Amino acid sequence: ETGVTQTPRHLVMGMTNKKSLKCEQHLGHNAMYWYKQSAKKPLELMFVYNFKEQTENNSVPSRFSPECPNSSHLFLHLHTLQPEDSALYLCASSQQGPAYGYTFGSGTRLTVV
Amino acid sequence: RKEVEQDPGPFNVPEGATVAFNCTYSNSASQSFFWYRQDCRKEPKLLMSVYSSGNEDGRFTAQLNRASQYISLLIRDSKLSDSATYLCVVNQVGGSQGNLIFGKGTKLSVKP
């Protein structure tokens, strides 16, 4: 399997639930990212991992908790979310450095009820 | 000033038309520029990188004007399948320079 794979594709969760989003890349990239895309807003960078070390946390609330066990896998653990957290969550990977574009996964469409 | 600004559109054009999008960026030290395409309810996909000398890929031409800090995308002979949102993307300056900043996107609708 190639590219960036995200699971699940859709997720509905209550505000008291705990769930996790998974991302896996088979491109040999060194960097992985979580982005949030809400309606009528640009993509918002949430977290960055380079060589499985977190290098950026873009003021994201603690109810979102990332985990990167190795350079190919990235998780986003969710707990006690709010309805306004409903959005499309996109994982991406790239080679490290400003010259490289990203490859995105298909995203997880999250609805918090 | 927003880091990356685009006209949200929508641009409604007939098949075969030529359409151009512009994008401005705020930080003159940015080094990497891209156009991404995003179809409805899908993930963004890299359309093309934008080089200082300008570059062309088939019907698509990208230009960079560093002095004015804007990037353009020209689409010639529009096809129905070109209907999508086009995202202007610039690398972040400071911090981790591999991070990309996305514009809100310009929506294009090509009609028969």
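Note that the coordinates shown come from a computational prediction; the quantities given were computed from them, not determined experimentally. First the proteins, then the strands, lettered A, B, ... as listed; each starts at 1.
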Is it possible for you to say whether V113(A) and L81(A) belong to one hydrophobic cluster, with membership spreading through side-chain heavy-atom contacts below 4.5 Å?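 Different hydrophobic clusters.
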Students often mix this up, so state it plainly: with edges at 30° and 60°, are the rings of F104(A) and F102(B) parallel, tilted or perpendicular?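 Rings of F104(A) and F102(B): perpendicular, over 60°.
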Quick one: OH on Y102(A) to CZ on F34(B), what's the gap to the nearest 0.5 Å?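 Answer for the OH-CZ pair, Y102(A) versus F34(B), is 8.5 Å.
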Can L74(B) be reached from L46(B) by stepping across I, L, V, M, F, W or Y side chains whose heavy atoms are under 4.5 Å apart?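 Cluster IDs for L46(B) and L74(B) differ.
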Can you tell me how far apart OG1 (T103(A)) and CD (E43(B)) are? Round to the nearest 0.5 Å.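 Going from OG1 on T103(A) over to CD on E43(B), the span is 10.0 Å.
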Is it the case that one hydrophobic cluster holds both M32(A) and I101(B), taking links as side-chain heavy atoms less than 4.5 Å apart, direct or via other members?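 No: no chain of side-chain contacts under 4.5 Å links M32(A) to I101(B).
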Would you say F47(A) ends up clustered with L78(A) if hydrophobic residues are merged whenever their side chains have heavy atoms under 4.5 Å apart, either directly or through other cluster members?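 Cluster IDs for L78(A) and F47(A) match.
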Ignoring hydrogens, what is the shortest heavy-atom contact between Y35(A) and L100(B)? Give both atom names and the distance.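 Residues Y35(A) and L100(B), closest heavy atoms: OH-O, 2.7 Å.
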Non-hydrogen side-chain atoms of P44(B) and L43(A) separated by less than 4.5 Å: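 Side chain of P44(B) against side chain of L43(A), heavy atoms only: contact under 4.5 Å found.
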Given side chain to side chain donor-acceptor pair (under 3.5 Å), test Q38(B) with Q37(A) step by step and report yes or no. CA-CA 12 Å; Q38(B) 186 171 24; Q37(A) 189 174 36; 2.9 Å; yes
Specify the closest pair of heavy atoms between K41(A) and K104(B), including all atoms of both residues, with the distance to one decimal.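 For K41(A) versus K104(B), the nearest heavy atoms are C-CG, 4.3 Å.
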Same apolar cluster (I L V M F W Y, side chains within < 4.5 Å links), Y25(B)/V50(B):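 Yes: a chain of side-chain contacts under 4.5 Å links Y25(B) to V50(B).
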Check this for me: K36(A), atom NZ, are more than 12 non-hydrogen atoms of other residues, nucleotides or ligands nearer than 6.0 Å?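 For K36(A), atom NZ is crowded (more than 12 foreign heavy atoms under 6.0 Å).
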